[in-house]
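Predicted model, so just to flag it, every value in this text is computed and none were measured. Sequence lines set the chain letters: A, B, ... in the order given, protein chains first and strands last, and positions in each chain run from 1.
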Amino acid sequence: MIEISHVRKSFQDLEVLKDISLMIGDREIYGIVGQSGAGKSTLLRCINGLEPYDSGSITVDGARVDSRDKAALRNMQKRMGMIFQSFNLLERLDVYDNIALPMKFWGIKTKTEESRKKIEELIRLVGLEEKIHAKPRELSGGQKQRVAIARALVLDPQFLLCDEATSALDPEITKGILSLLQKINREMGITIIVVTHQMEVVKQICSKVAFLHGGSVLCEGRPEELFIRPSLPEIKSFLRDSSDLLPKTGVNIQIFFMGEDSGEPVVTQMARELGKDFSICWAKLEDFRENVYGSLVLNVEETDREAVSRFLQSKNVAWEVLE
Amino acid sequence: MGILSNAGMGGVILTALWQTLYMVFWSTLLSVVIGFIPAIILTLTAPDGLRPIRPVYEILSFLVNVFRSFPFVILLVLVIPFTRLVVGKAIGTTASIVPLTLSAIPFIARIIETSLRETDAGVIEAAKSFGASNWQILWRVYIKESVPRILNGVVLLIISLVGYSAMAGTVGGGGIGDIAIRFGYQQYRTDYLFICSVILIVFVQVIQMIGNHLYKRLS
C-alpha cells in the first residue's frame with residue numbers, strides 16, 4: 001500500500017503539489033487524472049523518488065520514500081517499475097537487451113539460464129516474440145511501449161507506475177496497451193498507478209481515481225462516481241461536456257443511469273404514466289470497465305416541471321435540473 | 001640529387017605518408033583518451049547533468065574554450081619546453097605528436113561532451129527510475145548511447161589532425177604536408193604537390209567513408 005500524506009512540493013516560487021493526501025491500495029489500478037499542469041507527473045515522480053518532495057510523507061508498506069537515503073531509495077525503486085510517454089528505450093540496444101538493462105543495474109547476470117528464461121517469458125507476455133532482436137527504431141510506438149512494460153517488470157516489481165503511457169499512441173493501440181496493463185494487474189497482482197489526461201484510460205482500466213487540479217486533489221473515488229455525474233466545474237471542464245448545446249427554453253433535466261438500474265425503462269414509463277410530451281435532446285453512454293453508464297437530457301415544458309420531478313423522485317433514479 | 005630524382009620520389013612520399021599516419025594515429029588516440037576526462041566532468045557537472053556543480057562546469061568550460069582558441073602555430077612554439085620534457089627533444093615526428101595532441105584535446109573534449117549531452121533525457125530518467133547509480137548511467141546509458149556520435153567526432157578530429165600535421169612539419173615533423181611544402185611549393189616540383197594533394201584527398205575520403213560505415217553499423 002502506498003500512503004501519501006500532506007505532500008507539498010515547489011519549483012522555485014511555484015507550488016506544484018499542495019497538501020496532497022492519497023491512499024493507493026494493493027492490486028488496485030489507480031488513476032491520477034487531471035489536465036496538464038495539474039501536478040500529476042510530479043506526484044508520480046515523487047512516489048518513485050525521481051523527484052524529492054518538500055514536506056509531508058510518502059510511504060510504501062510503511063517504509064518512507066526518502067530521496068536523501070540513496071541506498072534505501074534504490075531498493076524502493078526496485079519495487080516500482082516505471083513506463084513513460086516517450087517510451088525511453090535505449091536506441092542502441094535490441095529488445096532483449098533493453099529489457100535486460102535493469103538487471104544489469106542490479107548486478108544480476110543476464111546471460112544465465114534463469115535470466116534468459118525470465119526475459120523471454122516477459123517478451124512473450126507483451127507479445128513481441130518476433131521482435132526479440134529488433135532495435136527500437138524498427139518498432140512502432142505501441143511495440144516500443146510493450147518493450148518498456150517488459151523492462152519495467154524485469155525486476156519483479158510490486159508496483160507499475162505509468163506516466164502518460166498511452167498519450168503518444170492512437171486509440172486502437174492504446175486499447176491494446178490498456179488491456180495488457182489490466183492483464184498484468186489481474187494475473188501478476190501488480191498494483192498499477194496511471195497518470196493520465198485521457199478519459200478512455202480511466203474508463204477502461206481504473207478502479208479508483210484521484211482528480212488533480214492546480215496541485216490539489218479535488219476529489220477521489222470510483223471513476224463512475226466522479227465522472228458520470230460530475231458536480232465540480234473543474235471536472236466538467238475536464239470532460240468538456242457540451243451542455244451549451246441544450247435548448248434555451250423549457251427545463252432541461254438530466255437523468256443518470258448508473259450500473260444496475262441502467263436497464264429500467266424510466267423514460268418511456270414516464271411518458272406513459274404522466275401523459276406528457278418531452279424531447280430527448282442529448283444522451284451519452286459510457287463504458288467503465290465493461291459496465292455501461294449513461295445519462296440523457298430531457299427537455300420538458302416549464303409547466304410540467306413539478307409532475308416530472310415528482311415522478312423521478314418516486315422512481316429512485318439519479319437526476320438533476322440543469323439551470 | 002638522388003632524393004629529387006623520380007626514383008627517389010616514391011621513397012620520399014612513402015616515408016612522409018608513414019610519418020603522417022604515425023603522427024595522426026598517436027595524437028588521435030592520446031587526445032581521445034585524455035579528452036574523455038574533461039568531457040565526462042563537463043557532462044556530469046553541467047546544469048542538466050547527474051551532479052550539477054556550477055563552478056566546476058564554468059571553470060572547466062572556460063579553460064576548454066581558451067585552449068581551443070589558441071592558434072596552432074603559436075601553440076606549436078609555446079609547448080616546445082613541455083615537448084622536450086616529455087619526449088626528450090623538441091624536433092622530429094614523435095616530438096610533433098605533443099603539440100598535435102595538446103591542440104586536439106580541448107577540441108575532442110568539446111565534441112565528446114556535446115555527444116554525451118545529446119543523450120535523451122528520458123532514457124536517463126528511465127535508468128534512474130530503475131535504481132541505476134550515476135556511474136552506471138554514465139557507462140551504460142550516456143557513453144553507450146553516444147558511441148556513434150563520438151565516432152563521428154573522432155572522424156572530424158582525424159581529418160583536422162591531417163591538416164594540422166602539415167603545420168607540424170615545420171618543427172621537423174615530416175609528413176605529407178611537409179613534403180608538399182618543402183618539395184612542391186618551395187622547389188616548384190608540381191608533381192610532388194600533385195601527388196601529395198591526391199594522397200591527402202584520398203586519405204580524408206577513406207577516413208570519412210569508414211566513419212560513415214561504422215556510424216551506420218553502430219547506431
Side-chain angles (χ1 to χ4, degrees), chain A residues 41 44-51 67 70-93 97-108 110 135-137 144-145 147-149 151-157 159-165 168, chain B residues 36 39-40 43-54 111-155 210-219:
Chain A
S41 287
L44 194 73
R45 291 159 54 82
C46 286
I47 294 174
N48 175 277
L50 280 173
E51 197 85 63
S67 52
K70 292 271 183 268
L73 182 68
R74 275 197 80 198
N75 282 309
M76 195 72 90
Q77 285 169 332
K78 192 181 177 199
R79 295 165 60 188
M80 301 188 215
M82 195 160 174
I83 59 174
F84 306 85
Q85 178 171 3
S86 49
F87 323 122
N88 299 351
L89 302 175
L90 274 76
E91 288 299 322
R92 295 193 57 234
L93 300 183
D97 284 331
N98 260 297
I99 297 172
L101 186 70
M103 290 176 135
K104 290 189 175 151
F105 294 146
W106 284 87
I108 303 165
T110 55
K135 295 270 176 73
R137 70 183 131 85
K144 284 185 199 171
Q145 197 59 289
V147 178
I149 290 170
R151 177 178 67 175
L153 297 178
V154 79
L155 295 173
D156 298 317
F159 305 94
L160 179 62
L161 315 189
C162 311
D163 190 0
E164 296 280 10
Chain B
F36 247 104
I40 286 172
T43 306
L44 292 177
T45 58
D48 58 354
L50 292 173
R51 293 209 66 176
I53 311 172
R54 209 190 165 90
I111 286 175
I112 297 174
E113 182 213 344
T114 316
S115 305
L116 293 176
R117 286 178 65 186
E118 260 174 51
T119 308
D120 182 6
V123 177
I124 292 160
E125 174 148 275
K128 278 188 196 166
S129 80
F130 298 121
S133 69
N134 284 353
W135 282 112
Q136 286 171 328
I137 293 175
L138 181 66
W139 287 109
R140 294 203 180 274
V141 183
Y142 268 122
I143 294 180
K144 187 121 198 179
E145 287 284 279
S146 306
V147 167
R149 292 190 291 267
I150 293 174
L151 184 98
N152 258 353
V154 171
V155 168
I210 295 173
N212 290 349
H213 176 72
L214 282 176
Y215 181 85
K216 256 194 211 142
R217 279 207 46 183
L218 289 173
S219 57

### Message
So for I124(B), is it side chain, backbone, both, or neither that comes closer than 4.5 Å to the heavy atoms of chain A?
### Response
neither
### Audit row: I111(B), I150(B), side chain to side chain contact (heavy atoms under 4.5 Å, CB included) steps and yes/no
CA-CA 7 Å; I111(B) 286 175; I150(B) 293 174; over 6 Å; no
Just wondering, do [Y] and [X] contact through their side chains at under 4.5 Å, heavy atoms?
{"X": "I143(B)", "Y": "L116(B)", "answer": "yes"}
{"X": "F130(B)", "Y": "L101(A)", "answer": "no"}
{"X": "N48(A)", "Y": "Q77(A)", "answer": "yes"}
{"X": "D120(B)", "Y": "E91(A)", "answer": "no"}

## Note on the structure
Note: vs chain A, highest number of non-hydrogen pairs under 4.5 angstrom among A127(B), S129(B), A126(B) is S129(B)
Answer with side chain, backbone, both or neither: which region of [X] has an atom nearer than 4.5 Å to a non-hydrogen atom of chain B?
{"X": "L90(A)", "result": "both"}
{"X": "M76(A)", "result": "neither"}
{"X": "R151(A)", "result": "both"}
{"X": "K104(A)", "result": "both"}
{"X": "L89(A)", "result": "backbone"}

### Task
Have a look at S146(B) and tell me which of T43(B), T119(B), T114(B) forms a side-chain hydrogen bond (donor to acceptor under 3.5 Å, both in side chains) with it.
T119(B)
